[in-house]
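A note on names: the letters A, B, ... follow the listed sequences, proteins ahead of strands, and every chain is numbered from 1. Just so we're clear, the structure is a prediction, and the values are computed from it rather than from any experiment.
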Number of protein chains: 2
Amino acid sequence: MSEKLLPRAERRRRTEGRILDAARTLFAELGFERTTIRAVARMAEVDPALVMQYFGNKQELFRRAVRVAPVPDAGLDSDELVEYLLGTLTLKIGELPQSSLAMLRSMLTHPEAAASARELLGRQIDRLADSVHGEDARLRAALMTMIMLGVTVGHQLLELDELREVSQEEIARVLRPSLRALTGPEV
Amino acid sequence: MSEKLLPRAERRRRTEGRILDAARTLFAELGFERTTIRAVARMAEVDPALVMQYFGNKQELFRRAVRVAPVPDAGLDSDELVEYLLGTLTLKIGELPQSSLAMLRSMLTHPEAAASARELLGRQIDRLADSVHGEDARLRAALMTMIMLGVTVGHQLLELDELREVSQEEIARVLRPSLRALTGPEV
DNA sequence: TCGTTGAGTCAACGGTTGTTGAGCGAAATG
DNA sequence: CATTTCGCTCAACAACCGTTGACTCAACGA
C-alpha cells in the first residue's frame, strides 16, 4: 500500500477519480434516483461525507460524472454521414463511454439529465442538418438521430436479445439503407 | 355531491378508478421512483393508506396502472406493415395511452418496467417478423421496432422541439422510406 | 520544530417514503 | 332495530436518504 506515501495533491486527485468512476458506473447502471451517495462511497472505498465535501451535493456529482465529449464538427457528404453514424453505433455497442450511458439511463426520469440529453441530441441534429441537403433537412436529421437513439437504447440499456445476438457489423449493414433513405439528394 | 349517496360497490369502483388514473398520470410524468404514494393519494383526493389497502404496495399499484393492450395479430404484407407502424406513430403522437407512457418512462430505471418493456417490444418484434420475409427477418423486425421506439421516446418523453414542431403526417411521410428499407422482398 | 493546511472519518440530524394498525361512521344485512 | 360489513381516515413507525459539523492525523511550509 504505497498509497499512504503519495503526496497530498496526487492522493486527492486519485481519490476524486475513484469517486467519479464509481459514480459513473452506478449512475449508468441504476440511474440517478436509485444511485445513493452511500453506495458510491462504498464502491470508491471512502466515507460518504467525503463525496459531499468534494462535490457539494448529489446533483453536482451527477453533473461532473456525465460530462460528455462534444460532438465533432460538420461538413460531410451523404456517404460519410451515414458511415459516421454507423460508426458511432459500432463505438456505442462496443464501449460507449459510461458517462454517456449514465446520462441516457436517467434522461427519462431525471429533469437535469433530460435537459442534458436534449442539448446533446440537439447538437447532434444540428451537426447532421449541416450535412443533409434538400427539403426537410432538419426533420430528416432529427429522425436519423432518433433512429440511432432507439437502437442504442434497445441495445445498451434494455439489452434486447434480438440486438445482442448479432454483431455490430451486421446491425450496421442491415440498418444502413434506412439511414441512407434519410440523407438528402447528392450535392 | 351525490357521491355520498352512491351504493357501496359503485363507490368503491369509482374510487379505485380515480386512484389508478392518478397513478397513471404521475407514473407517466415522473416515472416510478419520483412518484410517491402520497402524491397519488392527494391527486385522487384520498388518504394514502387507502391506496395501500386497495393495491397492497407501490409495486402492485404500478403493475395495475401500466396494464397495456395486447399487440394485435399478424399477417400483413409489406405495405400494410409499414402503414401499420406509421399508424401507431400517429396514434402514439396523438394520444398514446398513459399506461404505455408510464411503462416507457420507467423502463430505463425500474427493473420491472424494463421487464415489461422487453416483453412488449419482444411481442412487437415477433409480430413484425411474421410479416417480414427474406434474410435477417428477425433483425430487421427488431430494427423497425427500435426506430419506432426512438421516435416515440424523442417525441413523447423527451419532447424534442424538432419533432414537436411538425405534424404527425409529416413525420410519417419522411420516415416511411426508412421503414420500407427494412421490409423484406415482396412475396 | 511548530503551527497550519487539508484529506479523510465518525456520528448524528432532519426530512421523506413506503407501510401498518387501530378506529370511525355509514351502508348493508337479518 | 340491532349487528355486521367495509370504505375510509388518522396517527404513527421504521428505514433510508442527503447532508452537516466536529474531529483525527499526516503532510506541508516557514
Below 4.0 angstrom, N of the basic side chain to O of the carboxylate: do B:Glu119 and B:Arg123 qualify?
-> yes

B:Arg118 with A:Asp161: basic N within carboxylate O range, under 4.0 Å | no

Does NZ or CZ of B:Arg63 lie under 6.0 Å from the centre of the six-membered ring of B:Phe55, at an angle within 45° of the ring axis?
-> no

Nucleotide C:dA26, atom C1' - distance to CZ of B:Arg11 in whole Å | 9 Å

Taking atom C1' of C:dA28 as reference, at what distance in whole Å does atom CD of B:Glu10 sit?
-> 16 Å

Of the listed nucleotides C:dA7, C:dG8, C:dG18, the one nearest the side chain of A:Arg12 = C:dA7

Quick one: do A:Arg64 and A:Glu16 make a salt bridge, cutoff under 4.0 Å?
-> yes

Quick one: A:Arg42 CZ to D:dG18 P, roughly how many Å, whole number?
-> 11 Å

A:Arg13 and A:Glu10 ion-paired at < 4.0 Å = yes

Any B:Thr15 side-chain N or O less than 4.0 Å from OP1/OP2 of D:dC8 = yes

Toward the 5' end of DNA chain D, which comes first, B:Ala9 or B:Arg38, by nearest nucleotide?
-> B:Ala9

Out of C:dT19, D:dC28, C:dA26, which nucleotide sits closest to the side chain of A:Pro7?
-> D:dC28

Answer yes or no: is there an ion pair linking B:Arg138 with A:Glu162, defined by an N-O contact shorter than 4.0 Å?
-> yes

Provide, to the nearest angstrom, the distance between the CZ atom belonging to B:Arg14 and the P atom belonging to D:dC8.
-> 12 Å

Separation of D:dG7 atom P from B:Ile19 atom CD1, nearest Å, is 11 Å

Within residues 45-58 of chain A, find the residues that approach DNA chain C with a heavy atom at under 4.0 Å, and present them sorted by residue number.
-> A:Val46, A:Asp47, A:Ala49, A:Leu50, A:Gln53, A:Tyr54

Evaluate whether atom CD of A:Glu135 has more than 12 neighbouring non-hydrogen atoms of other residues, nucleotides or ligands under 6.0 angstrom away.
-> no

Once you round it to whole Å, what is the distance between P of C:dT20 and CD1 of B:Ile37?
-> 11 Å

B:Arg13 side chain near D:dG7 phosphate (N/O to OP1/OP2, under 4.0 Å) = no

Can you tell me how far C1' of D:dG7 sits from CZ of B:Arg8, to the nearest Å?
-> 7 Å

In whole angstroms, the gap separating P of C:dT16 from CD of B:Glu33 amounts to 18 Å

Closer than 4.0 Å, any side-chain N/O of B:Arg34 to the OP1 or OP2 of C:dT17?
-> no

Which of these nucleotides, D:dC17, C:dG8, C:dT5, is closest to any side-chain atom of A:Thr36?
-> D:dC17

